[in-house]
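Quick note: numbers below take in every heavy atom, side chains included, and nothing from hydrogens, waters or symmetry partners.
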Amino acid sequence: MTRVRYGARTEAEIGAARAASSKLPDIWSTGVVAVWESDPDAVAAVLPPPLKPTHRPLVRANISKVDLPGYPLGAGSVAVAAEHDGVEGWYPLVMPMTHERALIGGREVFGEPKKLGEVEVERDGLVVRASLARHGIAFVEVRGAVSGALPLPEPVQKTDFYFKFLPAVDGSGFDADPVLVHCVRNEKVRKLEGITGDVVLRESMYDPVADLPVRAVVEITIGEKTTDQRGRVAERVSAQALLPYIHQRYDDPQQILDGPPEGSV
């Protein structure tokens with residue numbers, strides 16, 4: 001019989017796929033990172049418990065391009081500084097990706113708030129412009145001029161916090177208690193330059209990062225880096241405490257209650 005592609009894969013095929021993914025070479029990206037100090041009350045307001053604000057109300061935008069062979073990828077995020085159980089890290093609010101493949105794994109495995117979007121990183125001599133856009137709105141734009149090379153940092157570990165959950169089938173909350181994920185990234189940088197410029201936040205009802213105003217730019221850089229990551233479940237969290245924040249994940253929170261009309265297929 002001809003192979004039925006929706007049929008079960010063999011143990012050998014599953015094992016080969018796992019082995020291939022564990023032997024990926026370093027993948028280098030070129031990206032702009034902007035960090036700014038924002039309103040402390042606004043930063044605190046977006047953090048679901050048990051996450052807490054850090055001593056500085058920082059917001060970070062990462063805007064990167066990855067030249068994968070035959071599969072160029074744009075990837076970005078806007079995150080706020082947060083702390084959990086003595087660990088300081090970042091809580092991403094939105095992570096635009098230009099391809100579905102990059103979106104699915106992060107959302108389903110780690111609980112990352114990834115959405116399809118547009119990512120631009122442009123450099124013309126010393127002039128740099130980078131942006132994240134969805135629904136025709138460039139809700140974050142970083143622009144400026146390269147001011148010079150910076151010392152390369154040592155390899156470092158950074159932590160991102162995610163909430164992984166499944167909306168309940170009957171629309172009453174979650175199918176099980178959500179989990180808080182610590183995602184640890186090992187980062188290496190091979191090129192780094194400073195940028196003198198600014199961060200522009202534009203109003204978007206879908207990605208309202210404009211609610212995190214730029215009070216003071218801390219730093220803007222452009223560089224080449226590679227990262228790997230591993231995640232762990234830090235703890236199960238209160239469903240009732242997380243419910244008021246799940247709209248962060250969706251353009252329209254009502255869509256988690258949408259289902260096919262009765263009798264449809």
Side-chain angles (χ1 to χ4, degrees), residues 24-36 58-81 89-107 109-110 112-124 126-134 137-147 149-150 152-153 155-162 183-195 197-202 207 209 212 217-231:
L24 290 174
D26 287 344
I27 298 174
W28 294 87
S29 64
T30 299
V32 171
V33 179
V35 179
W36 64 92
L58 298 180
V59 184
R60 181 192 69 189
N62 280 335
I63 309 172
S64 298
K65 285 285 198 163
V66 188
D67 289 326
L68 299 175
Y71 194 79
L73 170 68
S77 70
V78 178
V80 298
W90 296 91
Y91 174 59
L93 295 167
V94 60
M95 301 177 70
M97 301 283 135
T98 57
H99 293 295
E100 185 181 34
R101 182 176 181 179
L103 183 152
I104 290 175
R107 283 182 69 102
V109 177
F110 295 106
E112 295 173 334
K114 290 183 172 180
K115 299 178 180 179
L116 286 175
E118 300 169 16
V119 180
E120 296 292 339
V121 179
E122 303 169 344
R123 179 170 182 172
D124 184 4
L126 297 179
V127 177
V128 174
R129 177 189 172 275
S131 66
L132 300 175
R134 299 181 65 250
I137 302 168
F139 60 89
V140 177
E141 182 178 358
V142 182
R143 55 197 186 189
V146 174
S147 55
L150 297 174
L152 294 182
V156 66
Q157 281 193 342
K158 297 181 179 180
T159 301
D160 281 350
F161 304 116
Y162 305 119
C183 185
V184 178
R185 304 178 189 278
N186 296 297
E187 180 179 286
K188 295 186 293 184
V189 178
R190 68 182 182 187
K191 184 178 181 180
L192 190 66
E193 296 172 287
I195 292 177
D198 57 7
V199 179
V200 177
L201 306 179
R202 294 188 178 89
D207 305 290
V209 298
L212 301 167
V217 174
V218 176
E219 68 172 359
I220 305 175
T221 60
I222 183 169
E224 297 177 7
K225 67 181 179 182
T226 184
T227 60
D228 59 35
Q229 66 183 47
R230 56 182 175 81

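Annotation for Thr98 and Gly74: closest pair OG1-N, 2.8 Å, computed over non-hydrogen atoms. When all heavy atoms of Val189 and Lys191 are compared, the closest pair comes out as CG1-O, 3.4 Å. The heavy-atom pair separating Leu212 from Val59 by the smallest distance is CB-CG2, 4.1 Å. Looking at every heavy atom in both residues, Pro92 comes nearest to Pro113 through O-CG, 3.4 Å. Of all non-hydrogen atoms in Val121 and Ile63, the two that sit nearest each other are CG2-O, 3.5 Å. Across Phe161 and Tyr91, no two heavy atoms sit closer than the pair O-CD1, 3.4 Å.
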Evaluate Lys114 against Glu112 for salt bridge (charged side-chain N to carboxylate O under 4.0 Å, His left out), listing each step before the verdict. CA-CA 6 Å; Lys114 290 183 172 180; Glu112 295 173 334; 3.1 Å; yes

Would you please test Tyr162 and Met95 for side-chain contact (heavy atoms from CB on, under 4.5 Å) and show each step? CA-CA 12 Å; Tyr162 305 119; Met95 301 177 70; 4.0 Å; yes

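Considering only heavy atoms from C-beta on, Ile220 stays 4.5 Å or farther from Trp36 through its side chain. The shortest distance between side-chain heavy atoms of Asp160 and Phe110 does not fall below 4.5 Å. Ser147 places none of its side-chain heavy atoms less than 4.5 Å from the side chain of Glu193. The shortest distance between side-chain heavy atoms of Leu132 and Val119 falls below 4.5 Å.
If you take CG on Asp207 and CG on Leu93, they are separated by 10.0 Å, rounding to the nearest 0.5 Å. In this structure, the separation between CD1 on Ile195 and OG1 on Thr221 is 7.0 Å, given to the nearest 0.5 Å. Here the CD1 atom belonging to Ile137 is positioned 11.0 Å from the CD atom belonging to Glu118, to the nearest 0.5 angstrom. To the nearest 0.5 Å, atom CD of residue Gln157 and atom CG of residue Asp228 are 9.0 Å apart. A distance of 10.5 Å separates CG in Leu103 from NZ in Lys115, rounded to the nearest 0.5 Å.
One finds no salt bridge joining Arg129 and Glu120 here, because no Lys/Arg side-chain nitrogen approaches an Asp/Glu carboxylate oxygen to under 4.0 Å. Look at Arg123 and Glu224 and you find no salt bridge, because none of the NZ, NE, NH1 or NH2 atoms lies under 4.0 Å from a carboxylate O.
Between the side chain of Thr159 and the backbone N or O of Gly89, no donor-acceptor pair lies under 3.5 Å. In this structure, Arg134 contributes its side chain and Leu116 its backbone to a donor-acceptor pair below 3.5 Å. Side-chain N or O atoms of Lys65 include none that pairs as donor or acceptor with a backbone N or O of Glu122 at under 3.5 Å.
With Ile222 as reference, Val128 is the one residue of Val33, Val128, Leu192, Leu150 to meet the side-chain contact (heavy atoms from CB on, under 4.5 Å) rule.
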